[in-house]
Amino acid sequence: MISITNYKLLLNLIFVCLFIAKFINVIQERIDIFMYIFWALPILIFYVFINKLVIKAYQWFCFLLIIYFLLCSLRVFGTAAYWLDILELFLICSLFITTMCGPRIINNMN
């Protein structure tokens, strides 16, 4: 079983990679900065509570990630797929799976 420190490290790494991948879209002028902030704000709110190991935050964050997955998959499968969109879809799926495992890891810690 994975330790809580390794789990938090993996979770933080995926979060940072997701924010960087989306910010590259801003640099390439595919989206503007206000859209990036609008996209990142809900994730940042949940990020605070997820780092505090609040189990309810993990559950609600998974619901939010489903919405992000749907929006991202429209760009990947609906139009010509761009490599950043595919990377974002992969990171969202990875974050979803990692977040789903969070409550079990937290319960095993106690």
Side-chain angles (χ1 to χ4, degrees):
M1 191 54 142
I2 189 170
S3 70
I4 195 70
T5 56
N6 288 338
Y7 171 75
K8 285 181 74 172
L9 180 67
L10 175 65
L11 193 66
N12 290 330
L13 180 69
I14 296 172
F15 267 110
V16 168
C17 289
L18 184 61
F19 283 119
I20 290 171
K22 195 67 170 183
F23 190 72
I24 292 172
N25 282 319
V26 174
I27 293 171
Q28 292 183 350
E29 297 179 354
R30 295 185 68 225
I31 61 171
D32 62 353
I33 190 71
F34 297 110
M35 189 60 158
Y36 176 74
I37 293 170
F38 181 73
W39 175 88
L41 193 60
I43 294 177
L44 287 173
I45 291 169
F46 278 103
Y47 180 73
V48 171
F49 293 105
I50 285 174
N51 271 335
K52 292 180 182 179
L53 304 177
V54 178
I55 292 179
K56 285 289 185 188
Y58 282 84
Q59 295 167 346
W60 282 103
F61 187 62
C62 284
F63 287 117
L64 180 72
L65 284 176
I66 291 172
I67 296 169
Y68 279 76
F69 172 80
L70 291 173
L71 294 173
C72 185
S73 59
L74 283 174
R75 287 191 315 274
V76 171
F77 300 114
T79 60
Y82 190 64
W83 71 273
L84 281 172
D85 296 332
I86 295 170
L87 178 63
E88 181 182 347
L89 185 67
F90 173 76
L91 290 171
I92 288 173
C93 291
S94 300
L95 189 58
F96 181 81
I97 292 168
T98 307
T99 305
M100 286 293 292
C101 296
R104 178 175 288 169
I105 293 170
I106 293 168
N107 284 336
N108 287 341
M109 177 183 72
N110 296 332

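Numbers for residues simply follow the sequence, beginning at 1.
Met100 and Ile55 fall within the same hydrophobic cluster, where Ile, Leu, Val, Met, Phe, Trp and Tyr residues are linked whenever their side-chain heavy atoms come under 4.5 Å apart, directly or through other members. Both Ile2 and Leu53 belong to a single network of hydrophobic side chains, linked directly or stepwise wherever heavy atoms of I, L, V, M, F, W or Y lie under 4.5 Å apart. Under a hydrophobic clustering in which Ile, Leu, Val, Met, Phe, Trp and Tyr are joined whenever their side-chain heavy atoms come within less than 4.5 Å, directly or via other members, Leu70 and Ile97 fall into different clusters. Using a 4.5 Å cut-off between side-chain heavy atoms of Ile, Leu, Val, Met, Phe, Trp and Tyr, with links allowed through other members, Phe96 and Leu11 fall into the same hydrophobic cluster. Under a hydrophobic clustering in which Ile, Leu, Val, Met, Phe, Trp and Tyr are joined whenever their side-chain heavy atoms come within less than 4.5 Å, directly or via other members, Val16 and Val26 fall into the same cluster.
For the residue pair Pro103 and Tyr58, the shortest heavy atom distance occurs at CG-CB, 3.9 Å. When every heavy atom of Leu89 is checked against every heavy atom of Cys72, the shortest pair comes out as N-SG, 3.5 Å.
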Side-chain donor-acceptor pairs under 3.5 Å in residues 42-52, sequence neighbours left out?
{"residue": "Tyr47", "atom": "OH", "partner": "Asn12", "partner atom": "OD1", "Å": "2.8"}
{"residue": "Tyr47", "atom": "OH", "partner": "Asn51", "partner atom": "ND2", "Å": "3.3"}

For residues 60-67, which side-chain donor-acceptor pairs fall under 3.5 Å, sequence neighbours excluded?
none

Side-chain donor-acceptor distances from residues 31-38 under 3.5 Å, at least two apart:
{"residue": "Asp32", "atom": "OD1", "partner": "Met35", "partner atom": "N", "Å": "3.1"}
{"residue": "Tyr36", "atom": "OH", "partner": "Phe19", "partner atom": "O", "Å": "3.3"}

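The number of heavy atoms from other shown groups lying within 6.0 Å of CD (Glu29) does not exceed 12.
A side-chain contact (heavy atoms from CB on, under 4.5 Å) with Thr98 is found for exactly one of Ile105, Ile14, Leu13, namely Ile14.
In this structure, the side chains of Thr5 and Lys8 stay at 4.5 Å or more apart for every pair of heavy atoms.
Partners of Arg104 by salt bridge (charged side-chain N to carboxylate O under 4.0 Å, His left out), not counting sequence neighbours: none found.
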request  = Mind running side chain to side chain contact (heavy atoms under 4.5 Å, CB included) on Ile24 and Leu87 for me, showing each step along the way?
outcome  = CA-CA 11 Å; Ile24 292 172; Leu87 178 63; over 6 Å; no
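Atom-to-atom distance recorded for Ile20:CD1 and Ile27:CD1 is 9.5 Å, nearest 0.5 angstrom.
Residue pairs satisfying the ring pair (Phe, Tyr, Trp, His ring centres under 6.0 Å) criterion with at least one member in residues 67-87, sequence neighbours excluded, are listed as follows: Trp39-Tyr68. Among residue pairs with one or both ends in residues 55-75, those qualifying as salt bridge (Lys or Arg N to Asp or Glu O under 4.0 Å) are Arg75-Asp85, Arg75-Glu88; sequence neighbours excluded.
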